[in-house]
Amino acid sequence: MISGKILSTEKEIVDFATVYLKGTNYGCVTNQQGIYHLKAPAGDYTLVVSAIGYQTVEKTVKLFNENRTRLNITITPQNTELDEVVIVSNGISRLKRSAFNAVALDTKALQNSTQNLSEALVQAPGMKIRESGGVGSDMQLMMDGFSGKHIKIFIDGVPQEGVGSSFSLNNIPVNYAERIEVYKGVVPVGFGTDAIGGVINIITKKNLKRWFLDASYSYGSFNTHKSYVNFGQTFHNGLTYEINAFQNYSDNDYYVDTPVKDFATGAINKNKIEHVKRFHDTYHNEAVIGKIGIVDKKWADRLMFGFTYSRMYKDIQTGVRQEVVFGGKYRKGYSLMPSLDYSKRDLFTKGLDVVLTANYNKNMINNVDTSSLEYNWRGETRPLRMPGEQSYQNIRSDNNNWNGTLTANYRIGKAHTFTFNHVLNSFQRSNRSLLDEDSEANAIPKETRKNISGLSYRLMPSEYWNASVFGKYYNQFIAGPIATSSAQDKYTRITNSVSAMGYGAAGTYFILKSLQAKLSYEKAYRLPTNEEMFGDEDLETGDISLKPENSNNLNFNLSYNDLFGKHSIYVEGGVIYRNTKDYIQRNIVDLSGGKSGAAYVNHGKVLTKGYNISVRYGFADWISIGGNFTQMNVRDNVKTVSSGTSQESLTYGARMPNLPYRFANSDVTFYWKNLGQKGNRLAVTYDNLYMHSFPLYSEVIGSESEFVVPTQFSHNLTLSYGIQNGRYNLSFECRNFTNEKLYDNFSLQKAGRSFYGKVRVYFGG
């Protein structure tokens, strides 16, 4: 036996480092305390330690019969940018040998920026963030042609279903995460999810220093304030605690170009565009996350109890189309979430690792639309015949969510691993109209129960290749109200149950030491979400009868990652194939009075083919440059207008509407070490984002400009200065410095040129 601890030269614990005996199949991964244990026959070996962002270390060791050798190893950050900037890499040990198409984003270089987690994700190949406005606006992730509900979010492996909009990726600061794992397409059963597009797993900082503090504050355009503080302590007896708190505030009062309703005529002249200022788009949210527990005990590697409180307030400026503007609508809410996290390696017997998580989320959303005035973009008003700019309401929705996960890994020998996962999710929403307490529509709760079980087997006979096969069982129960009268004043409770079996396989092979190939396939299912079945009680209408999506997913990925002296090179390319049936599509629908809303429907069949490429180069401590390019063909695959007929559908073979299909981003960072004095460093980063024009509606409608989101090319600049090896940090950002007109969703315009400054301090005990 050989064991020990892996530390960095900064005395930081290095978790999930790969430790193995060179030329053998004996290896392991360090735990969250940086500790490794490895068994092998007696003899002379070379011990190899590798981790993302660090130089690989080799040590000669001698193992003796029935003796334990202790060896602590200190590893040094690489003389490349791998530990300083966001690198899409398979270098994290858990992902490198994974057969699944998984990459990781190191957030270290973004800690001094004002970015949130969703903005950081655009560095990953095939990722696109779609927002409807400024800070706190509605946001959707897009991954390889799939978006929104097709992608599932996890934090430390815990599903984030039903947590509410007050605690989501577009308002959580990037400082909250140590790294972001992106699983594209086929995902391991350990997540126990029904994602078709992929999974985002946020790995939070588990800083086991005796004491630490990370705090920052930023201010910028549109009266935007952001602050963050994270502090905690670990005692010698294993007791640990941690507090995270953050807030975001913005007036979001930027200018947009839009047609304006003329109250004199009651018409909107779409040929007359005016430059107007948003006036009703204030957003703020606050969150506090507390954790306390025990680490590194015989009966538990980690046992943590947590509690999260978050709240939000959002003025609603526009509907689903920009020409519709509101001046009195708003939304507010809060969320309470206690949680439990338990993990233990070698539980009861050698090779059995168990992770158990549970959380309960109580979130409240209050949608208020009671204004008696109609607004236009100039801020002019006129009385409404009846109150309510969209629909007269003051509805409080109380959502109760239970999530529980059990994951068990059982290793047999060196080559065989079985994994079992089960996820239970229970949801109930009850509505109460504060205007009509006797509303029958709100008397019937909306409920779902979801169970997903998965079992996989992995064969890993050598460090050069491994393969996995797996199966999943999906089951969902739904209950809710449905109207029984044309006037929608009578309702009854209906129920529905769906179940399905999925399966798949994945494999990886190291063609060369630095050249890796991955291939994966899955017959995947995605169950309808609560929002798709029940709506948001405001602008979106749900459909309780939606069918689950099912898809044949195929991924092939090839990556090359190597060092040549002071040069580092990373190249990755992947191709994607998705054949999806009962595709759930979000459509814009016209309502009475010239108003618009959104609804969800099963579209039928959609075929997705595409590829993405990622390249990065680094030279010593001086420069890092790289970029990503994505091309996705998402096409309508329904041949006939209805089943049983031969009449071909007009939209067959056309692009699916409102989906970007070609986009790219690139960045370059220059570093100046010891600028001013030793230990100080200046970093200057330029990055950009290109998006090709795409149709808002089906291509068969036409190519008029009002039906197309235009081509966009935006540019950002960031300067960051660290003092005393990063203890004190100052940064300045200019986003969209060419003042490009930016759009994502149905031509809802985003902010133009903006400026931000940030101050951050970090102390570690």
Side-chain angles (χ1 to χ4, degrees), residues 15-31 36-40 47-52 56 88-104 157 181-192 198-199 201 345-346 350-353 355 407-421 454-472 502-524 553-562 572-575:
D15 58 351
F16 300 113
T18 300
V19 183
Y20 65 95
L21 299 178
K22 194 172 183 178
T24 75
N25 296 331
Y26 300 107
C28 65
V29 174
T30 58
N31 63 17
Y36 72 94
H37 300 279
L38 196 155
K39 272 188 176 181
L47 185 74
V48 181
V49 180
S50 64
I52 185 171
T56 299
V88 179
S89 172
N90 65 346
I92 292 180
S93 58
R94 290 194 302 166
L95 304 183
K96 182 174 183 178
R97 305 200 181 281
S98 168
F100 297 91
N101 186 11
V103 296
E181 298 176 350
V182 181
Y183 293 81
K184 302 167 68 177
V186 183
V187 298
V189 298
F191 286 109
V199 160
N201 188 27
R345 292 175 62 89
D346 299 326
K350 181 70 174 177
L352 178 62
D353 303 337
V355 176
T407 304
N409 288 287
Y410 185 51
R411 303 181 305 278
I412 302 175
K414 303 296 182 183
H416 310 280
T417 302
F418 290 90
T419 300
F420 172 78
N421 176 276
L455 180 65
S456 73
Y457 164 70
R458 185 179 76 165
L459 173 66
M460 191 174 180
S462 79
E463 60 183 295
Y464 300 107
W465 72 274
N466 68 80
S468 298
V469 293
F470 59 88
K472 294 180 181 179
Y503 51 87
T508 184
Y509 178 71
F510 283 86
I511 303 170
L512 301 171
K513 180 181 178 182
S514 302
L515 181 62
Q516 183 181 17
K518 295 184 178 185
L519 178 67
S520 56
Y521 164 80
E522 181 179 13
K523 175 66 173 179
N553 294 349
L554 187 66
N555 298 281
F556 176 73
N557 180 269
L558 200 63
S559 61
Y560 180 82
N561 192 2
D562 210 346
E572 178 189 358
V575 294

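No experiment lies behind these values; they were computed from the predicted model shown.
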OH-CG distance between Tyr464 and Leu512, expressed to the nearest 0.5 angstrom: 11.0 Å
Rounded distance (nearest 0.5 Å) linking atom CD of Gln516 with atom OH of Tyr509: 12.0 Å
Phe510 CZ to Asn466 CG distance, which is reported to the nearest 0.5 Å: 8.5 Å
Close side-chain approach of Leu519 to Leu554, heavy-atom, < 4.5 Å: yes
Where Lys39 and Tyr26 come nearest, the two heavy atoms and their spacing: O-CD2, 3.4 Å
Side-chain touch Lys518/Asn555, heavy atoms, less than 4.5 angstrom: no
Closest non-hydrogen atom pair between Gly471 and Val189, with its separation: O-CG1, 4.2 Å
Whether Asp353 side chain and Asp346 backbone form a donor-acceptor pair below 3.5 Å: yes
Flag side-chain contact, heavy atom, 4.5 Å: Tyr521 against Phe556: no
Euclidean distance, Asn409 CG relative to Phe418 CZ, rounded to 0.5 Å: 11.5 Å
Where Tyr410 and Lys350 come nearest, the two heavy atoms and their spacing: CE1-O, 3.8 Å
Least distance between heavy atoms, Ala517 atom then Thr508 atom: O-OG1, 2.9 Å
Side chain proximity check, Trp465 to Leu459, heavy atoms < 4.5 angstrom: yes
Heavy-atom check, side chain of Thr419 versus side chain of Arg458, under 4.5 Å: no
Heavy-atom side-chain proximity of Arg411 to Arg345 below 4.5 angstrom: yes
Sequence-distant partners of His416, ring pair (Phe, Tyr, Trp, His ring centres under 6.0 Å), two or more places apart: Tyr457
Ala505 backbone acceptor or donor facing Ser468 side chain under 3.5 Å: no
Test item: Leu47 and Val19 side chains (from C-beta on) under 4.5 Å apart, heavy atoms: yes
Close side-chain approach of Thr30 to Val49, heavy-atom, < 4.5 Å: no
Nearest non-hydrogen partners of Phe100 and Ala506, listed with the distance: CE2-CB, 3.9 Å
Expected output: side-chain Ser456 to main-chain Val469 donor-acceptor under 3.5 Å: no
